[in-house]
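Numbering of ligands and ligand atoms starts at 1, following listing order.
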Amino acid sequence: MTLVAGVDSSTQSCKVVVRDAGTGALVREGRASHPDGTEVDPAAWAAALQTALGEAGGLADVAAVAVGGQQHGMVCLDVDGAVVRPALLWNDTRSAQAATDLTAELGGGQAWADAVGLVPVASFTVTKLRWLAEHEPANAARTAAVCLPHDWLTWQLAGTPGLDALVTDRGDASGTGYWSPMTGEYRPDLLERAFGSTPVLPRVLGPAEQAGVVAGGGAVLGPGTGDNAAAALGINAEPGDVVVSIGTSGVVSTVSTTPSADPSGTVAGFADATGNFLPLAVTLNAARVLDATARLLGVDHDELSRLALSAPAGSGGLVLVPYLEGERTPDRPRSTGAVHGLTLSTAEPAYLARAAVEGLLCGLADGLEAIAALGNPVRRVFLVGGGARSEAVRRVAPAVLGVPVLVPPPGEYVADGAARQAAWVLAGGETPPVWPATSTETYEADPVPHVRERYAEVRDLTADRT
Ligand SMILES: Nc1ncnc2c1ncn2[C@@H]1O[C@H](COP(=O)(O)OP(=O)(O)O)[C@@H](O)[C@H]1O
Ligand SMILES: O=C(CO)[C@@H](O)[C@H](O)COP(=O)(O)O
């Protein structure tokens, strides 16, 4: 049996799966936590990867490995390859002003969407580089190369073979703000505009191009990709399929054969990991809204779910606007969360639990609507991520999203996608190897437009951070 490994270095943890390259069957897996916070020393990701790999039995008998990872994080390296400062993650909002400035400087959202398929918000790497140039000029001056979390981990596995050996892929490059999914080329002019210089950037590999070998081990390295592109590969999403992921981020993405350019910035026109495109809408607040609400109510996730399902749809008018970390879609980086509609009858744990589930899903429903409005068909909707382990999320999602949702068994679909990419690198060819489709359970419910209407009435009524 030929084994391949896939890694998901996500916001909260690192997960590894080892699968049979031929059949896709799961052989071993491992996991390790990442530290909290929106800036993280990449050494913590490398340590978690080693722990997760160890738990998954190591790479000695593995023929190929690929890394999927949280997108956009700014990893700056000096001329010797040392990390210049802790990485700023996708959910760090300190570059909000830089995003506003960069958007205005280029002439607005349309100009950015035409150039690189996205409109700057604080999540994207280009804005973090502008922030670094403005606020930490000494660190900016030391920066000889910039890469993303998955690029850096791939480079670590290869034994840090010099800055010129850094590689990435289309999927993750498309989230930087200085690579165009339309042309497949970097835009050094935009990098120069943001950062004042053009550090070394990772070479963008093709979807099944070998990225080298694991140092001292010999396993072939795949190019890896961003976590959302990897999830699409793990689910085997085809054009017209939508993947809704409720992890730290809330993501609505779809595979498309044509690039997107949404001047409003609601939908970011990324590339996928197969040569197609991956328009997506992403919220900063998803599974952690459930974590926070459970903490507030002093219950665990199962009880939170039970409470939510015991309250009526719409929570009697109680709305939780879930901008606990600020928000990205809509672009409200400085906002906080809010609870609206408290009355004597809605001041109940069950109503708050339901409002939390509905609030996070309403943000994703807005994203789904925006993706469909760009002309993307919505053929099937898959629901994945840690938050999909909640029965309340699974049962309320079809009502709020207004479409049936297909829920695969709980699993690590990002790591699975990376493993499938690794198998593709071994096998070669134009398309990834065919692994059996995952089973799914279909959840259906009558749509609840009144829930979204009530949410829309109050979602902008939030206080800013102090
Ligand atoms: N049964 C559950 N109900 C709701 N949320 C859950 C449940 N199990 C795990 N989670 C949450 O899912 C999140 C982790 O999901 P995951 O998709 O792994 O996130 P990420 O990829 O961003 O690290 C955590 O916030 C965790 O608390
Ligand atoms: O910013 C994005 C995509 O644009 C996020 O999806 C990150 O890629 C983090 O993903 P998770 O850790 O929440 O899976």
Side-chain angles (χ1 to χ4, degrees), residues 7-15 31-36 38 40 45 48 52 68-74 88-93 117-118 121-125 127-128 148-150 171-172 174-177 225-232 234 243-253 265 267-271 278-295 299-309 324-325 327-329 353 356-357 360-361 364 367 383-397 410-415 417:
V7 176
D8 175 12
S9 178
S10 72
T11 312
Q12 297 191 50
S13 60
C14 182
K15 307 124 188 180
R31 181 187 180 287
S33 292
H34 284 160
D36 267 345
T38 61
V40 170
W45 301 331
Q70 55 171 309
Q71 298 194 253
H72 318 308
M74 178 189 71
L88 296 186
L89 305 194
W90 64 278
N91 54 354
D92 187 289
T93 54
L118 55 80
V121 289
S123 290
F124 299 141
T125 327
T127 71
K128 299 178 189 303
L148 301 171
H150 111 256
D172 229 4
S174 65
T176 58
T225 191
D227 53 4
N228 296 302
V243 178
V244 175
S245 167
I246 301 180
T248 314
S249 59
V251 182
V252 186
S253 65
V267 177
F270 291 175
L278 195 78
L280 87 189
V282 179
T283 64
L284 282 192
N285 300 283
R288 278 177 170 164
V289 175
L290 304 176
D291 297 347
T293 309
R295 196 165 63 240
V299 299
D300 63 12
H301 277 301
D302 285 347
E303 179 61 6
L304 185 79
S305 172
R306 195 197 62 73
L307 284 168
L309 290 172
L324 308 190
E325 293 211 81
E327 191 43 271
R328 156 176 169 185
T329 312
V357 172
L360 84 85
L361 287 169
L364 294 174
L383 181 65
V384 297
R389 293 176 194 254
S390 155
E391 189 189 349
V393 167
R394 297 194 299 272
R395 285 181 45 192
V396 176
E412 299 303 342
Y413 293 98
V414 175

Part of D291 with heavy atoms under 4.0 Å of ligand 1, whether side chain, backbone, both or neither: side chain
Which segment of Q70 sits under 4.0 Å of ligand 1 when only heavy atoms are counted: neither
Which residue owns the protein heavy atom closest to [atom], what's the atom, and how far is it?
atom	result
atom 13 (C) of ligand 1	A287 CB, 3.6 Å
atom 24 (C) of ligand 1	Q12 NE2, 3.5 Å
atom 17 (O) of ligand 1	G386 N, 2.9 Å
atom 18 (O) of ligand 1	K15 NZ, 2.7 Å
atom 23 (O) of ligand 1	S10 OG, 2.6 Å
atom 5 (N) of ligand 1	H301 CE1, 3.4 Å
atom 1 (N) of ligand 1	R389 CB, 3.5 Å
atom 22 (O) of ligand 1	T248 OG1, 2.4 Å

Residue shell around ligand 2, heavy atom under 4.0 angstrom: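 The 4.0 Å shell around ligand 2 contains S10, T11, Q70, Q71, H72, W90, D227, N228, T248, S249, V251, F270, V282, R328.
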Pairing residues for H34 by the side chain to side chain donor-acceptor pair (under 3.5 Å) criterion, not counting sequence neighbours: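 Here no residue qualifies.
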Non-neighbouring partners of R306 that pass side chain to side chain donor-acceptor pair (under 3.5 Å), sequence neighbours left out: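 R306 satisfies side chain to side chain donor-acceptor pair (under 3.5 Å) with E303 only.
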Heteroatom proximity flag, R288 to ligand 1, N/O under 3.5 Å: no
Sequence-distant partners of R395, side chain to side chain contact (heavy atoms under 4.5 Å, CB included), two or more places apart: L309, E391, Y443
